[in-house]
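Order of the sequence lines sets the chain letters (A, B, ...), proteins ahead of strands, with each chain counted from 1.
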There are 2 protein chains.
Amino acid sequence: MPRPSRWNEIVEAAAEAFRTNGFAATSLEDIASAVGIWKGSLYHYINSKEDLLFAVVRGPAEEILKQIQELSETDLPPTEKIRRATRSHVKVLESNFVYASVYLQEIAGRRKLPEWTAMDREYLDLLESIVREGVESGEFSAVTNPRIATLALIGSLNWLTHWYRPGGPLHADEISDQFCDLFLGGLIVRTPRSKSKPNQKAATPSPTVTPLKTTKPRAKRTA
Amino acid sequence: MPRPSRWNEIVEAAAEAFRTNGFAATSLEDIASAVGIWKGSLYHYINSKEDLLFAVVRGPAEEILKQIQELSETDLPPTEKIRRATRSHVKVLESNFVYASVYLQEIAGRRKLPEWTAMDREYLDLLESIVREGVESGEFSAVTNPRIATLALIGSLNWLTHWYRPGGPLHADEISDQFCDLFLGGLIVRTPRSKSKPNQKAATPSPTVTPLKTTKPRAKRTA
DNA sequence: CGAGAAATGAAACGATCGTTTGGTTATCCT
DNA sequence: AGGATAACCAAACGATCGTTTCATTTCTCG
């Protein structure tokens, strides 16, 4: 991967085009003309079109993983870990918005290259182990399935690429704080009631309406 | 749009291919050979390749919107509305998993056709108004920004297409129940304390660690 | 200044794609 | 049965795409 000045322009133009039209629907001519060169000239910087995709995507992918790796090595209480993980996730998404959007749309979807799926998996596992830590310490007593809770948080965060706009009215810090408050505390401020009964349905304080089939008896299913 | 028997095969094959490789990277030859016909023969069913995309996507998009429209017309308490909305959202995603995945990846992203963005917008607005209803009734006293809370829930739900696998170990009812419990109640079962102080940070019961910059003073910014 | 390397221009290639055309077979209806 | 209509075959077209090749310009630095 070369280093000269035009290279940054090229990667930025590629990222912008990939985000708007998708990788497959973006032609090298689109990128070249955005920079002001001929499409053949791109091959002094790349060996194939896919090189551009990886160049766009590598930065934020490695950054976001590094952040949670460092966080996992601390001994902060789980609540604080979740708060900081949420913040750094939103921060990386904001600071590298176009790049990160391309990653989530083109890599985290479709492509199954083992290098990237391993990174996704490691990130998920580290975040889940934080949640699990909170469950075991008794702080997250409302969680029944740590993996689902973790995936819910990751979903909220990554979905930012579908609606967040840099320079828009919502600041990243504001968003991450509210996400974190919501994830940790939920919508409802519970009335002090069943303390020693960590019921699965403890979060539902409205008995006004008969619920329609709370939880089906599950069919057994392994793996 | 024609009706014969092969038409269903074609749409299913298209959906499967679109989900795996994306719309732009899928050739009509891929779809035709999956059904066992020549690619030119597809044009007795369609006028252009995009027709296939819309045929794949229309069903679940209209269904998921219809469900929340009907729900909005009831006078159930907000908590119950959220629970039912979550359930039906997961249900539609599960029952039409491939179709819905294509919608979220190809329509809710990139494409800006006004018909679909209007549907997305209406769905978001209806769900947000439920949240807002709960805030005004006092039930959702922990919410400071209804739109962000709504987008967080939608993100968790739609991210299902990135990790859920039909026939896998997790049942759809189980997932939607846990999502809903998490969204309504959060990770933490709060200890009865500040009842009449709906502080922004009421959800953070761990004062062990000094938070790093809670919320920056925001730069003013309109629109 | 001038040689050598880096960067870009300019054109062409083979492959593939969406679409069209026209003919052939199968299916349905009364 | 037989005609009409739908379904499909088979081939080809023009356009576009990723990539290659080679000539030319621009930059670097001793």
Side-chain angles (χ1 to χ4, degrees), chain A residues 1-58 99 102-103 105-107 109-113 116, chain B residues 1-58 99 102-103 105-107 109-113 116:
Chain A
M1 296 302 152
R3 7 239 281 330
S5 62
R6 278 286 177 95
W7 175 240
N8 295 329
E9 286 183 54
I10 292 171
V11 174
E12 277 181 40
E16 202 59 53
F18 290 163
R19 161 155 174 83
T20 317
N21 304 111
F23 174 78
T26 298
S27 71
L28 292 180
E29 171 118 359
D30 293 338
I31 299 169
S33 73
V35 184
I37 61 177
W38 290 64
K39 63 173 179 175
S41 305
L42 288 173
Y43 280 80
H44 246 236
Y45 300 90
I46 59 175
N47 291 320
S48 80
K49 188 187 174 187
E50 272 204 330
D51 288 352
L52 276 173
L53 178 60
F54 298 146
V56 163
V57 135
R58 175 161 294 115
Y99 298 149
V102 173
Y103 179 87
Q105 294 199 4
E106 300 290 340
I107 306 286
R110 320 198 204 309
R111 262 161 244 267
K112 294 282 192 181
L113 304 180
W116 304 103
Chain B
M1 293 303 153
R3 5 242 279 335
S5 62
R6 277 285 177 96
W7 175 240
N8 295 329
E9 287 183 54
I10 292 171
V11 174
E12 278 181 38
E16 202 61 51
F18 290 162
R19 163 158 172 80
T20 317
N21 303 111
F23 174 77
T26 299
S27 72
L28 291 180
E29 171 117 0
D30 293 337
I31 300 169
S33 73
V35 183
I37 62 176
W38 289 66
K39 62 174 181 174
S41 306
L42 289 173
Y43 281 80
H44 253 229
Y45 299 89
I46 59 175
N47 291 320
S48 80
K49 188 187 175 188
E50 272 205 328
D51 288 351
L52 276 173
L53 179 59
F54 298 145
V56 163
V57 136
R58 175 162 292 116
Y99 298 150
V102 173
Y103 179 87
Q105 293 198 5
E106 300 289 339
I107 306 286
R110 320 197 202 308
R111 264 162 242 270
K112 294 283 194 179
L113 303 180
W116 304 104

Spacing of A:I10 atom CD1 and A:L28 atom CG [to the nearest 0.5 Å]: 10.5 Å
Between the base of D:dA6 and the side chain of B:H44, is there any donor-acceptor pair under 3.5 Å? no
Under the side-chain hydrogen bond (donor to acceptor under 3.5 Å, both in side chains) rule, collect the residues that match up with B:E50, sequence neighbours excluded. B:R111
Do the side-chain N or O atoms of A:R6 get closer than 4.0 angstrom to the phosphate oxygens (OP1, OP2) of C:dA7? no
Does C:dA10 have OP1 or OP2 sitting under 4.0 Å from an N or O in the side chain of A:W38? yes
Minimum heavy-atom separation for B:E9 to B:V35, with atom names? OE1-CG1, 3.9 Å
What does the inter-axis angle of the helix from C:dC1-D:dG30 to C:dT30-D:dA1 come out as, five pairs per end, nearest 10 degrees? 20°
Residue list, side-chain contact (heavy atoms from CB on, under 4.5 Å) with B:A34, at least two apart or on another chain: B:A13
How many Å lie between CD1 on A:I37 and P on C:dA6, as a whole number? 17 Å
First locate atom CG of A:L52, then atom OH of A:Y45, and finally report the distance between them rounded to the nearest 0.5 Å. 11.5 Å
Residues in side-chain contact (heavy atoms from CB on, under 4.5 Å) with A:E29, at least two apart? A:S27, A:K39
Who are the ring-ring contact (aromatic ring centres under 6.0 Å, His included) partners of A:Y99, not counting sequence neighbours? none
Nearest atoms (heavy-atom pairs only) where A:S41 meets A:I37: CB-CD1, 4.2 Å
With the criterion being N/O to N/O and under 3.5 Å, what pairs connect the protein with nucleotides 16-19 of chain C, and how long is each?
| from | atom 1 | to | atom 2 | distance (Å) |
| --- | --- | --- | --- | --- |
| C:dG18 | OP1 | B:T26 | O | 3.3 |
| C:dG18 | OP1 | B:K49 | NZ | 2.7 |
| C:dG18 | OP2 | B:L28 | N | 2.8 |
| C:dG18 | N7 | B:K39 | NZ | 3.2 |
| C:dG18 | O6 | B:K39 | NZ | 3.2 |
| C:dT19 | OP2 | B:Y43 | OH | 2.4 |
| C:dT19 | OP2 | B:K49 | N | 2.8 |
| C:dT19 | O5' | B:Y43 | OH | 2.8 |

CG of A:L42 versus P of D:dT20: gap in Å, rounded? 13 Å
Between D:dT5 (P) and B:Y45 (OH): distance, integer Å: 18 Å
Does B:S41 put a side-chain nitrogen or oxygen below 4.0 Å from OP1 or OP2 of D:dC9? yes
